[in-house]
Amino acid sequence: HAKSLGRSRSVVFETMMESNQLEFYRLEHDLDTAVEKNQLVLAFQPKVDLLSGHVVGLEALVRWNHPSRGYCYPKVFISVAERSDQIIRIDRWVMRAAIEAQAKWLAAGRTLLPIAINLSMADILSTDMVGYLDRLLAESGVPAGALEVEVTESSMMGEPEKTKTVMQALNLRGIATTLDDFGTGFSSLSYLRQLPLQSLKIDQSFIQSMLKDGNAEKLTQTIIAMGLALEMRVVAEGVETMEQMRWLVEHGCLIGQGYFFSPPVSADNIHGVVERIEQNNYWQ
Ligand code: C2E
Ligand code: MG
Ligand code: MG
Ligand code: MG
């Protein structure tokens with residue numbers, strides 16, 4: 001009996017694996033032409049100075065308008081792209097699109113808000129990534145300071161020396177670097193200290209649990225204290241309530257991002273959203 005049970009379980013498991021494999025190949029195949037078919041689009045989410053209510057920057061988040069699946073979020077395709085190296089092509093499209101958006105806003109006479117893009121490990125390790133950015137910036141006339149880069153802990157740990165070199169090259173040009181999703185990886189503190197990072201972004205899981213769970217609260221406090229001790233800007237992601245915003249300010253985290261202010265929105269809508277946020281008096 002045990003044996004037949006074991007077998008039926010493994011059949012279910014194998015079928016699941018096969019359909020996952022199939023799904024993977026389908027997505028991989030469709031992703032191959034996503035860039036050339038113009039199916040990718042950027043959404044922008046504001047980063048807010050919690051004390052003044054001013055928007056201090058934007059984060060660019062990629063979406064995929066799939067012909068049959070519709071509007072897809074990164075959860076569906078970034079890991080597929082990372083496993084197949086398509087991520088390099090996608091993220092180079094993201095770099096180009098973010099810089100093109102800035103060039104357009106510059107031409108329209110707007111004061112530029114820095115746009116942060118998310119990079120994967122493969123991008124950092126890819127040949128001439130910084131040179132590619134240099135050329136895009138030079139061609140567009142957009143200042144390097146209008147761009148920022150976010151990298152997760154796990155992306156950095158693969159190749160620490162190379163990561164450090166690339167980040168130094170970015171900083172040298174005036175492109176600020178942020179450690180994204182902090183607290184979910186395993187980076188050693190001594191390594192973190194050596195990296196040229198201007199900001200540390202606390203993962204949203206901490207923000208979501210800190211007011212419900214005493215341990216999460218203490219951890220979040222510790223992360224903020226650590227970032228401040230290393231003289232980094234500390235940013236909270238996933239801020240959804242006024243209570244979270246108040247707690248963050250009381251504990252020294254002065255920049256926030258989240259649905260409380262705005263979800264990521266299209267390029268056409270982002271400036272309306274920025275205006276609305278800045279008209280709001282959160283502390284009254
Ligand atoms: P991330 O960089 O940590 O981005 C934050 C994610 O949290 C975004 O999800 C954002 O929409 C979501 N978020 C923002 N505020 C809130 C909130 O208040 N509550 C909740 N529950 N969620 C919130 P999104 O856009 O689905 O992106 C997921 C991840 O995909 C990103 O996490 C980033 O790691 C990756 N990603 C996004 N765009 C790119 C890209 O262009 N290139 C690469 N390599 N990765 C990307
Ligand atoms: Mg990010
Ligand atoms: Mg993040
Ligand atoms: Mg995150």
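Atoms within a ligand are numbered from 1 in the order they appear, just like the ligands themselves. It should be emphasised that the depicted structure is a prediction, and the values quoted were computed from it without experimental measurement.
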>> If you count every heavy atom of other residues, nucleotides or ligands that lies below 6.0 Å from Tyr25 atom OH, does the total exceed 12?
In response: no
>> Quick check: Phe206 with Phe182 (ring centres under 6.0 Å apart)?
In response: no
>> Taking the ring centre of each residue, are Trp105 and Phe44 less than 6.0 Å apart?
In response: yes
> Do we see a donor-acceptor contact under 3.5 Å between the side chains of Asn269 and Ser266?
Replying inline: yes
>> Heavy-atom distances under 4.0 Å decide this one: backbone, side chain, both or neither, for Arg63 against ligand 1?
In response: side chain
> Which atoms of ligand 1 sit under 4.0 Å from any heavy atom of Pro264?
Replying inline: 11 (O)
> Between Phe77 and Phe24, is the gap from one ring center to the other below 6.0 Å?
Replying inline: no
> Does Glu240 have a heavy atom less than 4.0 Å from any atom of ligand 1?
Replying inline: yes
> Of all the atoms in ligand 1, which lie at a distance below 4.0 Å from a heavy atom belonging to Gly238?
Replying inline: 16 (C), 17 (C), 18 (O)
> Side chain, backbone, both or neither: which part of Asp91 comes within less than 4.0 Å of ligand 1 when only heavy atoms are counted?
Replying inline: side chain
> In degrees, rounded to 10 degrees, what angle do Glu237 atom OE1 and Asp180 atom OD1 make at the Mg ion (ligand 3)?
Replying inline: 120°
> At a 4.0 Å threshold, what atoms of ligand 1 neighbour a non-hydrogen atom of Val62?
Replying inline: 38 (N), 39 (C), 40 (C), 41 (O)
>> Looking only at N, O or S atoms in Asp181, which is nearest to the Mg ion (ligand 3)?
In response: OD1
> Could a heavy atom of Gln208 be found less than 4.0 Å from some atom of ligand 1?
Replying inline: yes
>> Evaluate Lys75 for polar contact with ligand 1, using N/O atom pairs at a separation under 3.5 Å.
In response: no
>> Under a plain distance cut-off of 3.5 Å, with no hydrogens placed, do Arg276 and Ser262 share a side-chain donor-acceptor pair?
In response: no
>> Any N/O/S atom from Asn118 (main chain or side chain) under 2.8 Å of the Mg ion (ligand 2)?
In response: yes
>> Under a 4.0 angstrom heavy-atom cut-off, which atoms of ligand 1 come close to Gln45?
In response: 14 (C), 15 (N)
> Counting only N and O atoms by type, is there a donor-acceptor contact under 3.5 Å from the side chain of Ser140 to the main-chain atoms of Val142?
Replying inline: yes
> Of Val94, Leu119, Leu42, which has the heavy atom at the shortest distance from atom 41 (O) of ligand 1?
Replying inline: Val94
> Looking just at side-chain N and O atoms, do Gln198 and Thr177 make a donor-acceptor pair shorter than 3.5 Å?
Replying inline: yes
>> Looking at ligand 1, is there an atom of it that comes within less than 4.0 Å of some heavy atom belonging to Gln257?
In response: no
>> Distance alone, cut at 3.5 Å: any donor-acceptor contact between the side chains of Asp180 and Thr178?
In response: no
> Going by the atom numbers of ligand 1, which of them fall below 4.0 Å from some non-hydrogen atom of Glu237?
Replying inline: 3 (O), 5 (C)
>> Using a 4.0 Å cutoff against the non-hydrogen atoms of Ile87, which atoms of ligand 1 qualify?
In response: 44 (N)
>> Taking the basic N atoms (NZ, or NE/NH1/NH2) and the acidic carboxylate oxygens, is any pair closer than 4.0 Å for Arg193 and Glu231?
In response: no
> Does the side chain of Met167 come within less than 4.5 Å of Leu195's, by heavy atoms?
Replying inline: yes
>> Checking the N or O distance criterion of under 3.5 Å, is ligand 1 in contact with Asp181?
In response: yes
Do any side-chain atoms of residues 27-37 form donor-acceptor pairs under 3.5 angstrom with protein atoms, and if so which ones, sequence neighbours left out?
from  : atom 1 : to    : atom 2 : distance (Å)
Asp30 : OD2    : His66 : NE2    : 2.7
Asp32 : OD1    : Gln86 : NE2    : 3.3
Asp32 : OD1    : Arg89 : NH2    : 3.2
Thr33 : OG1    : Asp30 : O      : 3.4

> Could an N or O of ligand 1 be found under 3.5 Å from any N or O of Asp180, whether backbone or side chain?
Replying inline: yes
> Got a sec, which pairs hit salt bridge (Lys or Arg N to Asp or Glu O under 4.0 Å) with one end in residues 49-74, sequence neighbours left out?
Replying inline: Glu23-Arg69, Glu59-Lys201
> Taking just the N, O or S atoms of Glu59, which one is nearest to the Mg ion (ligand 2)?
Replying inline: OE2
> So which N/O/S atom does Glu150 have closest to the Mg ion (ligand 2)?
Replying inline: OE1
> Given Pro74, Ala81, Ala97, Ser79, which one has a non-hydrogen atom that is nearest to atom 29 (C) of ligand 1?
Replying inline: Pro74
> Touching ligand 1 at all, Glu59? Heavy atoms, strictly under 4.0 Å?
Replying inline: yes
